[in-house]
Asker: 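What follows is a structure written as structure tokens; I'll ask about it next.
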Amino acid sequence: MKSLKELADLTGSEVKGDTQLQVSDVATLQDAKEGQISFVSNPKYKKQLDTTKASAVILSSKMASAYNGNALINDDPYLTFAKVVNAFHKRAIPKANIHPSAVIAKDSIIGKNVNIAANVVIDSAVNIGDNSVIGAGTVIEKGSVLGSNALIHPNVTIYSNTQIGTNIIIHSGTVIGSDGFGFAPQKDKSWYKILQIGNVVIGDDVEIGANTTIDRAALGSTIIENGVKLDNQIQIAHNVKIGSLTIIAGSVGIAGSTTIGERCQIGGAVAIAGHLNIADDVIITGRSMVISSIKESGVYSSGIATEDNRKWRRNAARFRHLDDMAKQIKELKIQLNLNP
Amino acid sequence: MKSLKELADLTGSEVKGDTQLQVSDVATLQDAKEGQISFVSNPKYKKQLDTTKASAVILSSKMASAYNGNALINDDPYLTFAKVVNAFHKRAIPKANIHPSAVIAKDSIIGKNVNIAANVVIDSAVNIGDNSVIGAGTVIEKGSVLGSNALIHPNVTIYSNTQIGTNIIIHSGTVIGSDGFGFAPQKDKSWYKILQIGNVVIGDDVEIGANTTIDRAALGSTIIENGVKLDNQIQIAHNVKIGSLTIIAGSVGIAGSTTIGERCQIGGAVAIAGHLNIADDVIITGRSMVISSIKESGVYSSGIATEDNRKWRRNAARFRHLDDMAKQIKELKIQLNLNP
Amino acid sequence: MKSLKELADLTGSEVKGDTQLQVSDVATLQDAKEGQISFVSNPKYKKQLDTTKASAVILSSKMASAYNGNALINDDPYLTFAKVVNAFHKRAIPKANIHPSAVIAKDSIIGKNVNIAANVVIDSAVNIGDNSVIGAGTVIEKGSVLGSNALIHPNVTIYSNTQIGTNIIIHSGTVIGSDGFGFAPQKDKSWYKILQIGNVVIGDDVEIGANTTIDRAALGSTIIENGVKLDNQIQIAHNVKIGSLTIIAGSVGIAGSTTIGERCQIGGAVAIAGHLNIADDVIITGRSMVISSIKESGVYSSGIATEDNRKWRRNAARFRHLDDMAKQIKELKIQLNLNP
């Protein structure tokens, strides 16, 4: 139980209404019961304010007039909500323990207060920082280093010589350090494998979702800088560099040797070609296709949205004649003595 | 061995030709040997009827005249084929057994007649229903519940507090209940993690392919209703809801808080943005990009098909001037005193 | 240490400059230190020749004049680089050993000089060829066969009855042989599972990246021929056939029963529909959408590149009227008595 006043103090917000109102937990507008606090950050959900059973709501000052009940007013309601969640909930951290079924090389270095779950495999010369948690079935290969406070969920694979900073979170099924996709064509059309002798280097405060893959460099390092957040099922090829505080949504693919700047926001299912440079502070909307470098910060997009299938068939068929259409327009303008 | 008569009775079909013909197994038109039965459902393969060595074929009544040999006639040849496969083959179900290498928390509840393979890890307060099979290396975290007849293939990860109904099938590498991708931006441009305190709730008769990911909700539940079928490498973000009997092909991504209706069919590699509503009975063709809600049932599409690279370069370059082209057409119509 | 002469002999190159120059290792132009050799294959990096600290560079004869220092001249600098990497580095192959925690069925056949890591599970009637390496946590199901020199990284899952040739490399998290996505619709709109009774057959010299999925056939086999190279997070559906020496980049999806020819090159994030035939020697550029068969070799493309978000909004909105625009142009030409 926290009073609205306590939550306001915790989050730097103002109370509108009963400062002593007791709140038991946080929930969505739709699901909240009496005694719970909710929030509106996306205006799409504003109309749910009329029907919510929440006892208080987190709102921006702009939206404050739309709600008569008790409220926490903060111009960043989403961040305030995030902090209120933390006031009621803590991540469950297992106690320090090394499960007897874990297979740990004698020459590995395991920090203080570490939890290693069942069936974990830790290879030679691995170094695990203090207060880390390694989930069941995770495999960490030779010479890899994890900083303190690592949270590695079950069934992760970290290949050899990966270097990871502090406060990393890696979700299940993710693979770090697999071979880059490098093959040189030979005269007989077969492919000669290029040994991938580089590694992956990941900074501090990085979170990586489930079933994401980050390949090791051919030479040098694939680099994920501090504070980067990666969602699920992202594919990052060899020698990519992702600048600090960049955030990337699910199902994105980034081809080899591309550099992404700092503080970029990349939407879901974007595909980025290889050997490009993306500037700092670039936003790329979902499902875009990036095939040339982006030199200035800004918002970039591509893609065409769904429409009725019959209309789409007609429009998509015309696309194949777009160049002809442009030429015909030019010809028409010449006929009419217009500036072509 | 089954006679054509037996197969007809099993599947509600009619026999054309020799009712006592003995059939030993089912195979494709191309691979079938004497004594085997095959089928045509996709008209693309109709011409293989002329050369197949199958002793009998499953056909719709419309196609019956295209084939002179013995046949099972049914207006749903694909479903009939599926049932004939089951007449000859059964899924291999391992006997009840708990492998000694499995690590099972004492306070978990394991039903009757369950098979738990090597190196499975079952955490505290997990409940596994009767007749379930848990494949090698699978990890099921604290408090998760699986109904009866679960078939979990190897190396699956189920995070804490996941609720799953009866008759679930989950293929290898799939991750259920990983953290939703929720971060609030802070003034210094760093990202504040929003603790994902919800869970995943999955109904009965659901099948989930390999390396698919379903994130737990931020608040409340990510919901997969009864009878949903999900293919491989699908990414389902937090707080998504998928209505019953919806079927989704491989490599699809669905962003957070989107609701998909019942009985929808979503083609491969479709990307669906967040906070949308897709109505019941919607069909979305492969590789479409969905960025607004779909309010009526129907078939929806987007995307442009491959063409010769040089033509594509010209057409795609013109796309960037499409708005200009439209304005020029309008101007031309004005010049000619046409209704613009 | 190798002399430039030795490297020239190894790679069939010519030395420009000091044949006795001693080289210690290979590095990128940017990272190379004195005593190291580097290479230029992509002209984008040519200007780095002015500033590199490498003691020698691998160059094509065309580029030779752009660099005054010591060089290996070869008209295939990329392949030469690949061979030079191998002159200094060897893949670390663990010694023959079977870890005591591995769970290996008594009736499996394990070849000579095999390394089986911790927590591997090998089921009944599996056959592992000589000199193979099976990474920690990998599961190989009943009746599967791996030829000699297999390198299976950790946490791979190979379902039953998979047949794999010699020299396979499979990266972590990959799933081979999961059920194809086959369901027949029933009258009540529920889906009847089609038992997937086929398997996966993979040839020699194949490499498969991390978190890729290859489904078993409904009937018959899903086939990956000799020398195919597959990157990460590729989805290959049931009954697909991929011709020999074809190379496929990351995040590609190929739907059921499609046949890809030999020596094709498929770029990242391409989506290919089902039941198609792609000819030999076809190149498909990244992010293309393939919805009809390709009958001749050549380069094929689709997709529209990112642009400024405001311009994109205008152009993409016009796309929905493309068919109207084409009709208006035709009408204008008629008005002007031009050949429509």
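Every chain is numbered from 1 and lettered A, B, ... according to where its sequence line falls, protein lines coming before strand lines.
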Asker: Any chance NZ of C/K90 has more than 12 other-residue heavy atoms, nucleotides or ligands included, within less than 6.0 Å?
Answerer: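 Atom NZ in C/K90 is crowded, with more than 12 foreign heavy atoms closer than 6.0 Å.
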
Asker: Can you tell if the side chain of A/I304 reaches within under 4.5 Å of the side chain of C/W312, non-hydrogen atoms only?
Answerer: no

Asker: Most heavy-atom pairs under 4.5 angstrom with chain A, which of C/T306, C/N309, C/D324?
Answerer: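 Among C/T306, C/N309, C/D324, the one with the most close pairs to chain A is C/T306.
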
Asker: As an exercise: rank A/I329, A/T157, A/T285 by heavy-atom pairs under 4.5 Å with chain C and give me the winner.
Answerer: A/T157

Asker: Count the heavy atoms of every other residue, nucleotide or ligand shown that sit under 6.0 Å from NZ of C/K311, and state whether that count exceeds 12.
Answerer: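 No, not enclosed.
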
Asker: Tell me, do C/N155 and A/V156 make a side-chain contact under 4.5 Å, heavy atoms counted?
Answerer: no

Asker: Nearest 0.5 Å, what's the CG-NZ distance between C/N86 and A/K193?
Answerer: 10.0 Å

Asker: In terms of heavy-atom pairs under 4.5 Å, which option from A/D179, A/V121, A/I291 contacts chain C the most?
Answerer: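 Highest number of pairs under 4.5 Å: A/D179.
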
Asker: Is it the backbone or the side chain of C/H321 that comes under 4.5 Å from a heavy atom of chain A, or both, or neither?
Answerer: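 Backbone of C/H321 only, per the 4.5 Å heavy-atom cut-off to chain A.
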
Asker: Looking only at non-hydrogen atoms, find the nearest pair between A/F183 and C/Y78 and report the distance.
Answerer: O-CE2, 3.6 Å

Asker: Please look at C/R263 and chain A and tell me whether the side chain, the backbone, both or neither of the residue comes under 4.5 angstrom of a heavy atom of that chain.
Answerer: side chain

Asker: Heavy-atom pairs under 4.5 Å with chain C - which of A/R314, A/E331, A/M289 has more of them than the others?
Answerer: A/M289

Asker: With a 4.5 angstrom heavy-atom cut-off, is it the side chain or the backbone of A/V299 that approaches chain C, or both, or neither?
Answerer: both

Asker: Take C/Q233 and A/T213 through the test side-chain hydrogen bond (donor to acceptor under 3.5 Å, both in side chains) and record every step on the way to the result.
Answerer: CA-CA 8 Å; C/Q233 307 224 27; A/T213 48; 3.0 Å; yes

Asker: What part of C/K44 is in contact with chain A, defined as an atom under 4.5 angstrom from a non-hydrogen atom: side chain, backbone, both or neither?
Answerer: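 Contact with chain A: side chain only.
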
Asker: Heavy-atom distance under 4.5 Å to chain A: side chain of C/S302, backbone, both or neither?
Answerer: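 Looking at C/S302, just its backbone touches chain A.
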
Asker: Taking side chain as everything from C-beta outward and backbone as N, CA, C, O, which of these in C/N315 sits under 4.5 Å from a heavy atom of chain A? Side chain, backbone, both or neither.
Answerer: neither

Asker: Can you confirm whether A/T212 sits close enough to C/N211 that some side-chain heavy atom of one is under 4.5 Å from a side-chain heavy atom of the other?
Answerer: no

Asker: Among the options C/V85, C/D31, C/D231, C/L79, pick out the one with the most heavy-atom pairs lying under 4.5 Å from chain A.
Answerer: C/D231

Asker: Using side-chain heavy atoms (C-beta onward) and a distance below 4.5 Å, is A/R318 in contact with C/K327?
Answerer: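 Result yes, sub-4.5 Å side-chain heavy-atom pair found.
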
Asker: May I ask you to name which of C/S101, C/A117, C/P154, C/S251 has the most heavy-atom pairs under 4.5 Å with chain A?
Answerer: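 Top option by heavy-atom pairs under 4.5 Å: C/P154.
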
Asker: Is the shortest side-chain heavy-atom distance between A/V175 and C/H171 below 4.5 Å?
Answerer: no

Asker: Which answer fits A/Y159, side chain, backbone, both or neither, if we ask what part of it has an atom under 4.5 Å from a heavy atom of chain C?
Answerer: side chain

Asker: Please state whether the side chain, the backbone, both or neither of C/L230 comes within less than 4.5 Å of a heavy atom of chain A.
Answerer: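 Contact with chain A is through the backbone of C/L230 alone.
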
Asker: Against chain C, label A/K189 side chain, backbone, both or neither, depending on which of its atoms sit under 4.5 Å from a heavy atom there.
Answerer: both

Asker: Which pair of heavy atoms, one from A/G303 and one from C/A316, lies closest together, and at what distance?
Answerer: O-CB, 4.1 Å

Asker: Side chains of C/E307 and A/Y300, heavy atoms from C-beta outward: is any pair under 4.5 Å?
Answerer: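 In short, these two side chains do not touch, never coming nearer than 4.5 Å.
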
Asker: Could you check which of A/H275, A/E296, A/Q328 has the highest count of heavy-atom pairs closer than 4.5 Å to chain C?
Answerer: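 Most pairs with chain C among the choices: A/H275.
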
Asker: So for C/I234, is it side chain, backbone, both, or neither that comes closer than 4.5 Å to the heavy atoms of chain A?
Answerer: neither

Asker: Considering only heavy atoms, which portion of A/I283 lies under 4.5 Å from any heavy atom of chain C: side chain, backbone, both, or neither?
Answerer: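 For A/I283, no heavy atom lies under 4.5 Å from chain C.
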
Asker: Does a sphere of radius 6.0 Å around CD in C/Q30 hold more than 12 heavy atoms from other residues, nucleotides or ligands, not counting ones at 6.0 Å or beyond?
Answerer: no

Asker: Examine whether an atom of A/A317 lies under 4.5 Å from a heavy atom of chain C, and if so say whether it belongs to the side chain, the backbone or both; otherwise answer neither.
Answerer: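 For A/A317, no heavy atom lies under 4.5 Å from chain C.
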
Asker: Measuring heavy-atom distances to chain C, does A/R320 have an atom under 4.5 Å in its side chain, in its backbone, in both, or in neither?
Answerer: neither

Asker: Would you mind reporting whether C/N232 and A/D215 have side-chain heavy atoms less than 4.5 Å apart?
Answerer: yes

Asker: Please state whether the side chain, the backbone, both or neither of C/E207 comes within less than 4.5 Å of a heavy atom of chain A.
Answerer: side chain

Asker: Under 4.5 Å heavy-atom distance to chain C, tell me which part of A/K142 shows up: side chain, backbone, both or neither.
Answerer: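 Contact with chain C involves no heavy atom of A/K142 at all.
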
Asker: Using non-hydrogen atoms and a 4.5 Å limit, figure out which bit of C/F88 sits close to chain A: side chain, backbone, both or neither.
Answerer: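 Looking at C/F88, nothing touches chain A.
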
Asker: Can you tell me which portion of A/S292 sits under 4.5 Å from chain C's heavy atoms? Options are side chain, backbone, both or neither.
Answerer: neither

Asker: Out of C/A326, C/G173, C/A92, C/A27, which one racks up the most heavy-atom pairs below 4.5 Å with chain A?
Answerer: C/A326

Asker: Who wins among A/G298, A/G274, A/G253, A/A271 for the most heavy-atom pairs under 4.5 Å with chain C?
Answerer: A/A271

Asker: What part of A/I197 lies closer than 4.5 angstrom to a heavy atom of chain C: side chain, backbone, both or neither?
Answerer: side chain

Asker: What part of C/D205 is in contact with chain A, defined as an atom under 4.5 angstrom from a non-hydrogen atom: side chain, backbone, both or neither?
Answerer: neither

Asker: Distance check, rounded to the nearest 0.5 Å: A/N119 atom CG versus C/N119 atom CG?
Answerer: 4.5 Å

Asker: Name the region of A/D308, side chain, backbone, both or neither, that has any atom closer than 4.5 Å to a heavy atom of chain C.
Answerer: neither

Asker: With only heavy atoms counted, which part of C/T28 is less than 4.5 Å from chain A, the side chain, the backbone, both or neither?
Answerer: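 Its backbone and side chain both get close to chain A.
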
Asker: Heavy-atom pairs under 4.5 Å with chain C - which of A/V252, A/L336, A/V290, A/L332 has more of them than the others?
Answerer: A/L332

Asker: So do A/F181 and C/I248 actually touch side chain to side chain, heavy atoms under 4.5 Å?
Answerer: no

Asker: Check whether more than 12 heavy atoms from other residues, nucleotides or ligands sit under 6.0 Å from atom NZ of C/K229, and answer yes or no.
Answerer: yes

Asker: Check whether A/Q235 gets within reach of chain C through its side chain, its backbone, both or neither, counting any heavy atom under 4.5 Å.
Answerer: both

Asker: Given a strict heavy-atom distance threshold of 4.5 Å, which part of C/A269 is in contact with chain A: side chain, backbone, both, or neither?
Answerer: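 For C/A269, side-chain heavy atoms alone lie under 4.5 Å from chain A.
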
Asker: Tell me, for A/S221 versus chain C, whether the close heavy atoms (under 4.5 Å) come from the side chain, the backbone, both or neither.
Answerer: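 Contact with chain C involves no heavy atom of A/S221 at all.
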
